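None of the values given here were measured: they were computed from a predicted structure.
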Amino acid sequence: MMFQDRLDAARQLAQALEAYRERNPLVLAIPRGAVPMARLIAQELGGDFDVVLVRKLRSPYAAEVAVGSVDESGWTYVAPHAASFGADQDYIAAEKYEQLRTIESRRAQYTPIRPPIDPAGRIVIVVDDGLATGSTMIAALHGLRHRQPARLICAVPVAAPDALAYVRPLADELVCLSAPDAFHAVGQFYRHFDQVEDDEVIALLRD
């Protein structure tokens, strides 16, 4: 399956999430790529839109590869393959510290625009533009579960099959439009996959 861009993927996800239309879902984006997607899905479903702040822990030798993730509370997920990518305990601790600083910076940017929406008792749909390792989605779902949503849903256009297996136990429902065996990177499934910048995120949160 090939998506024209993130908004095309979001429209298709909204159709797959039709059961939640007019049930006031809270649609949460993993920044930054999923932010325009989550906003459109929230509009389509008649729900609220916000962000969930998590960061991947980067491999020491290949920054695009996640060896784990951290959520806003500091809870850390370390992927099974982390050691094979050279990420030992000292490296994980240093990378966690750096990514928590990024989370704090983003919260400082985003919160004055729109205070975080409480997910307690809500139908919560967590959106990303795709899952390669599933690391950031794992951190997002783990953190949100402790905040007692009524139902917790993971929604992505495309994912590596292995990533789905890691994520599935953490969600009440998993909505994924495509999980091809020949998965190498999220961007390969989009004709246009431009980076989403902080200015765009801030503008979307302000609307």
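- Tyr190 places a side-chain heavy atom less than 4.5 Å from the side chain of Arg6.
- Under the 4.0 Å criterion applied to side-chain N and carboxylate O atoms, Asp172 and Arg145 are assigned as salt-bridge partners.
- Tracing side-chain contacts under 4.5 Å through hydrophobic residues (I, L, V, M, F, W, Y), one reaches Ile41 starting from Ile153; they form part of the same cluster.
- Ser135 places none of its side-chain heavy atoms less than 4.5 Å from the side chain of Leu57.
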Does the pair Thr136 and Arg55 meet the rule for a side chain to side chain contact (heavy atoms under 4.5 Å, CB included), with working shown?
-> CA-CA 6 Å; Thr136 50; Arg55 292 284 293 175; 5.8 Å; no

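- Put simply, the side chain of Phe193 does not reach to within 4.5 Å of the side chain of Asp5, judged on heavy atoms.
- Transitive grouping of hydrophobic side chains (ILVMFWY, heavy atoms separated by less than 4.5 Å) keeps Leu170 and Val78 in distinct clusters.
- Looking at Val27 and Asp48, their side chains never come closer than 4.5 Å, going by heavy atoms from C-beta outward.
- Checking Asp198 against Tyr110 by side-chain atom types alone, a donor-acceptor pair falls below 3.5 Å.
- Judged by distance alone, with hydrogens and angles left aside, the side-chain atoms of Glu95 form a donor-acceptor pair with the main-chain N or O of Arg58 at under 3.5 Å.
- Judged by distance alone, with hydrogens and angles left aside, the side-chain atoms of Ser178 form no donor-acceptor pair with the main-chain N or O of Cys176 at under 3.5 Å.
- Put simply, Val70 and Leu53 are part of the same group of oily side chains (I, L, V, M, F, W, Y) that touch within less than 4.5 Å, one to the next.
- With Arg114 contributing its side chain and Ile202 its backbone, the two residues share no donor-acceptor pair below 3.5 Å.
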Please walk me through it: do Phe49 and Val35 pass side chain to side chain contact (heavy atoms under 4.5 Å, CB included)?
-> CA-CA 9 Å; Phe49 153 66; Val35 172; 3.6 Å; yes

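- One hydrophobic cluster holds both Phe189 and Val186 under the rule that ILVMFWY side chains link at heavy-atom gaps under 4.5 Å.
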Check against side chain to side chain contact (heavy atoms under 4.5 Å, CB included), Val54 and Ser69 = CA-CA 7 Å; Val54 294; Ser69 56; 5.7 Å; no

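- No continuous path of ILVMFWY side-chain contacts below 4.5 Å connects Leu205 to Leu26, so the two sit in separate hydrophobic clusters.
- If you take CG on Asp8 and CZ on Arg11, they are separated by 6.5 Å, rounding to the nearest 0.5 Å.
- Residues Val67 and Ala82 approach most closely at O-CB, 3.6 Å, considering heavy atoms.
- Distance check, rounded to the nearest 0.5 Å: OG1 of Thr76 to CD of Gln99 gives 11.0 Å.
- No hydrogens or angles considered: nothing links the side chains of Glu44 and Tyr20 as a donor-acceptor pair under 3.5 Å.
- Looking only at distances, a side-chain donor or acceptor of Lys56 sits under 3.5 Å from a matching main-chain atom of Glu64.
- Atom CG of Leu152 and atom CZ of Arg147 lie 11.5 Å apart (nearest 0.5 Å).
- Of all the heavy atoms in Leu131 and Ala163, the pair that sits closest is CB-CB, 3.9 Å.
- Taking the side-chain hydrogen bond (donor to acceptor under 3.5 Å, both in side chains) definition, one finds that Ser105 meets it with nothing, sequence neighbours left out.
- Going from atom NE2 of His146 over to atom CG of Leu141 covers 11.5 Å, rounded to the nearest 0.5 Å.
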Dump the intermediate steps for side chain to side chain contact (heavy atoms under 4.5 Å, CB included) on Val127 and Val156, then the final yes or no.
-> CA-CA 6 Å; Val127 177; Val156 293; over 6 Å; no

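- By the 4.5 Å heavy-atom criterion applied to side chains, Arg107 and Pro116 are counted as neighbours.
- Nearest heavy atom pair, residue Val175 against residue Ala16, reads CG1-CB, 3.8 Å.
- Heavy atoms only, all atoms of each residue included: Pro169 and Tyr166 are closest at CD-O, 3.4 Å.
- In Gln89, the CD atom is not crowded: 12 or fewer heavy atoms of neighbouring residues, nucleotides or ligands sit closer than 6.0 Å.
- The residues Glu98 and Arg101 are annotated as not salt-bridged, no charged nitrogen and carboxylate oxygen being separated by less than 4.0 angstrom.
- Figure legend: cation-pi geometry between Arg191 and Phe3 absent, as NZ or CZ is not positioned both under 6.0 Å from the six-membered ring centre and within 45° of its axis.
- In this structure, Met1 and Pro157 have side chains that are not in contact, with every pair of non-hydrogen atoms separated by 4.5 Å or more.
- Although no hydrogens or angles enter the test, the distance criterion places a donor-acceptor pair under 3.5 Å between the side chain of Gln188 and the main chain of Ala185.
- For the pair Pro31 and Ala29, the tightest heavy-atom approach, listed with the atom from each and the gap, is CD-O, 3.3 Å.
- Side-chain atoms of Val124 and Arg151, non-hydrogen and from C-beta on, never get closer than 4.5 Å to each other.
- Within the 3.5 Å criterion, the main-chain N or O of Ile117 finds a donor-acceptor partner in the side chain of Asp50.
- Inter-residue side-chain proximity for Pro36 and Glu200 is flagged as met; some heavy-atom pair is nearer than 4.5 Å.
- Taken to the nearest 0.5 Å, the CZ atom of Arg23 stands 9.5 Å off from the CD1 atom of Ile125.
- Taking every heavy atom of both residues into account, Gly143 and Asp71 meet most closely at CA-OD2, 3.6 Å.
- Taking the six-membered ring where the residue is Trp, Phe85 and His81 present perpendicular rings, their angle passing 60° and hence far from 30°.
- Between atom CE of residue Met137 and atom CG of residue Leu144 there is a gap of 9.5 Å, rounded to the nearest 0.5 Å.
- For Gln148, the CD atom counts as loosely surrounded, since its 6.0 Å shell holds 12 or fewer non-hydrogen atoms of other residues, nucleotides or ligands.
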